[in-house]
Amino acid sequence: MRVAIVERDEKVLEELKKGLKRVDPNYELAGIAGNGQSAYEMITVMQPNLVIMDIGLPRMNGLNLLRKLRTEGREFRVIIITKDEDFQQAKQAIDLGVDGYLVQPFRPMELKKALSRIHEKIRNEYWMQASFTVENVLLSCRYGEIISNQKLNEMTIRKYGFTVDDPGYLFTVSMADEYEEQKENIRGFLEEICRRECGFSASVICSDRWKQVYLIIYRVREARNWKEYFQKNVVTGLCRNFPGTIICVWIETKQLTKLTDAMIQAGSLMEWNLLQSRGVLICQQTVEKFEAVPVRYPVELEQRMREMIFDENKKGIARQFQLVCEEMKREKYFPKEIKYSIIRFCMAAGLNYRNYGGEIDETKILSLMQQITYAISWKQIEKAIQGLERMISYEHKFEQYSTLIQKAMEIIKKEYDSGITLEEAASQLYVSEEYLSSQFKKETGYNFTETVRKYRIEKIKELLRTTKYKMNQIAGLVGYSDPKYMSKVFKEEEGILPTEYRRNSNGIS
């Protein structure tokens, strides 16, 4: 750091020079002056980083010297020295941006503390400047971590030409399930738009959590219908250049500090894509003008689905799912009512299949219904329905066994999580325990208890592969009251703990 000393007292001057060397030998003494006029000339020429200055200087006192230098735009750190604690002088010094204040006679430790405070301030300002980018300012707005104030606005207006109180626009692009494959391409496309367009400034941000790409528009320099511009040029270009799902939402925000609210609003508008053709820019004004009709739930399709399930007509089942989607697309229903009706239809199909005697995995069907709840495209809804279709299976696993053992197996499938016993199963089948036990071992090679245990293990493995449930939750679902005991049984059967099995299965499928 280059240091200049402005001090007329030779004794104080020597103390300052010695003090600087003791604190940090790397300080470079840029110049020395004993009066205000020569100090002004020396500081103007040498341009030091720090000036240690006596207030009571001849030929222009310290405060007047500092005022003149500040008026000329000279920037440097200042420690002033005074012989008394004059409040009025201190106030003037603060207004002139003084960084330290020493009262004579001062001790070396006081000089060291003043210099340390300056170093800390320089370090903090360096990191602030390093992180003070447009992207970081807008990210802070996005996460609601920034509060508008005069100093911040002065910094952003001076460096970037806008303040966080300015209005802006949020253009959001969702590719739904194709986000990972397309996000970098979409980002590049939007960044090229920003480079070509001089009517506004913008920053592109990808959100892996929400699977969306945001274009935050600020410093709008031209009064134009930007929504119309984006519809004609940007949305059309996206749909032309990128296959698959492209959903675009336009939000106007009165202040950039409200970006968090704008992003929440954009997320809620995404589901309106279910009512739009590809290439339409969705906005709040369009949604508010939408005139919906009351939803008509397809009761007749639900009845027909029941008949298809009991007839084991796989093609008929697939057709009913297709028809219910077509029915929901035909009229102007609210998106949430569309999804609710489809969920109701799917749950009814699952219930009818279970009443027929089929096995339904409750965890998996709830997961599929949740996918429909948060769906923003028909492709996502249809994917969830296909998952349910695969669950409705008529491949009988136990046809090689006798009728008695087939029924016993069905009992295990339905009641494994309640701790079904041989005695209870024999009672339901109207046979003795001894007879059921001997037939079970003869046909399957395992006794009844072993089979229940193995079936539980298979269910545990399925839950470990397909859910993020904790061990105590999984234990409860498969009928174990103690997750530690469940882990012990699992290791005896599989040779590894459930946690190891989940890790080896490459996470959630």
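Quantities reported herein were computed from a predicted structural model and do not represent experimental measurements. Numbers for residues simply follow the sequence, beginning at 1.
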I'd like to know if [X] and [Y] make a salt bridge, using a cut-off of under 4.0 Å between side-chain N and carboxylate O.
| X | Y | value |
| --- | --- | --- |
| E7 | K17 | no |
| D208 | K183 | yes |
| K151 | E154 | no |
| K18 | E14 | no |
| E271 | K339 | yes |

Keeping the roles fixed (side chain from [X], backbone from [Y]), state whether a donor-acceptor pair exists under 3.5 Å.
| X | Y | value |
| --- | --- | --- |
| Q37 | M60 | no |
| T82 | V103 | no |
| T467 | L463 | yes |

> To the nearest 0.5 Å, how far apart are OH in Y179 and NZ in K211?
Replying inline: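 Reported value, rounded in 0.5 Å steps: 7.5 Å.
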
>> Show me the pairs that pass ring-ring contact (aromatic ring centres under 6.0 Å, His included) and involve residues 363-386, at least two apart or across chains.
In response: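 Pairs touching residues 363-386 that pass the test: none.
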
Which donor-acceptor pairs under 3.5 Å do the side chains of residues 45-54 make with protein atoms, sequence neighbours left out?
residue, atom, partner, partner atom, Å
N49, OD1, R2, N, 2.8
D54, OD1, G56, N, 3.1

Contacts of type side-chain contact (heavy atoms from CB on, under 4.5 Å), residue [X], not counting sequence neighbours:
| X | value |
| --- | --- |
| E288 | Q284 |
| T44 | Y40, L69, R74 |
| N233 | Y229 |

> Looking at residues at least two apart in the chain, or sitting in another chain, which of them share a side-chain hydrogen bond (donor to acceptor under 3.5 Å, both in side chains) with Q276?
Replying inline: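 Once residues adjacent in sequence are excluded, Q276 has no partner under the side-chain hydrogen bond (donor to acceptor under 3.5 Å, both in side chains) criterion.
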
